[in-house]
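Below is one structure, written out as structure tokens, with a few remarks after it.
Each ligand, and each atom within it, is numbered from 1 in the order the structure gives. Everything quoted here is computed from the prediction, not taken from an experiment.
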Amino acid sequence: MSVSPTIVRTVPALRRAVDRLRARKATIALVPTMGALHDGHMALVALAKRRANKVIVSIFVNPTQFAPSEDFSSYPRTWKADLGKLAAENVDLIWNPGVETMYPQGFATRITPEGPATVGLEDRFRPHFFGGVATVVGKLFAQVRPDFAIFGEKDFQQLRVVERMARDLDLGVKVIGSKTVRERDGLAMSSRNVYLSGEQRVVAAVLYRAMKQSAVRLQAGGDIQAAMAGGAEMITAAGFELDYFEVRDADTLAPIASVKDGPMRILVAARLGTTRLIDNIAV
Ligand code: PAF
């Protein structure tokens, strides 16, 4: 039987609800989201339930991580469906602040992450992005004070930025990455997949195939440049405009000099028409 989660929209109400959970000695896992929930998000919730007794999901489309030219106003908002999915999973609390609660009049403090936030991947194409993410996630951590926070590996650079921030600022939260959930053809689940036309949706699966092909060549000890050029070519031949297709150190996201350097990650960002998709896999 599903029970409707408690929904809170103000910081004092959130504090009271969290205090009630804490009084029962509950451990708390936070799943930060921007809503438009799909099976990838529900995998984060499932992991949160395995890690902690109580699960809080935040739903907030964060304006500060979108550039003025990006899709903040058209970003999918599916509140009713989201609520149904979270109720079915017996999530304990939904934290759903408005913009005026998160960024009240006169708001003047931002977190500016460095390290993994400045390695020349997403930050090269979306310079505003990680400042916005770090600031909102820092606020969410301060508001909820969770023991655990679950982030999808699909946004791999974001995961590394948030892990670093939690450590650097002693935020007392363990950040946990959750494996990317894929469609049957390999396309990573994303709230932005709804922007793709039927034809583009078929083409989009090439990102995964290209990463796989390059990963196999790297695993076989092949030349890095040639392995990556082959994958990049597959993607552009399918009609994508490529922002990056790179292999990096999986921990630091620094460029790698040799396939013997240790765990690697292939990361891609590419545009199909007006839709920008990102993805990554372990090598
Ligand atoms: O990954 C997302 O959905 C967002 O970047 C996050 C972490 C919820 C911050 O707004």
Scan residues 211-231 for pairs that pass side chain to side chain donor-acceptor pair (under 3.5 Å), counting only residues two or more places apart or in two chains. none

Look at the rings of H38 and H41 and say which category their plane angle falls in: under 30° parallel, 30 to 60° tilted, over 60° perpendicular. tilted

Hey, is D92 close enough to R20 for a salt bridge, meaning N to O under 4.0 Å? no

Can you list, by chain and residue number, the hydrophobic cluster partners of M189 when the side-chain cut-off is 4.5 Å? V181

What are the polar N/O contacts of ligand 1 with the protein below 3.5 Å, with distances?
| unit_1 | atom_1 | unit_2 | atom_2 | d |
| --- | --- | --- | --- | --- |
| ligand 1 | 1 (O) | Q158 | NE2 | 2.9 |
| ligand 1 | 5 (O) | Q65 | NE2 | 2.9 |
| ligand 1 | 5 (O) | Q158 | OE1 | 2.7 |
| ligand 1 | 10 (O) | Q65 | OE1 | 2.7 |

Any ring pair (Phe, Tyr, Trp, His ring centres under 6.0 Å) pairs touching residues 52-87, not counting sequence neighbours? F66-F72, F66-Y75

Does a side-chain N-to-carboxylate-O contact under 4.0 Å join R201 and D185? yes

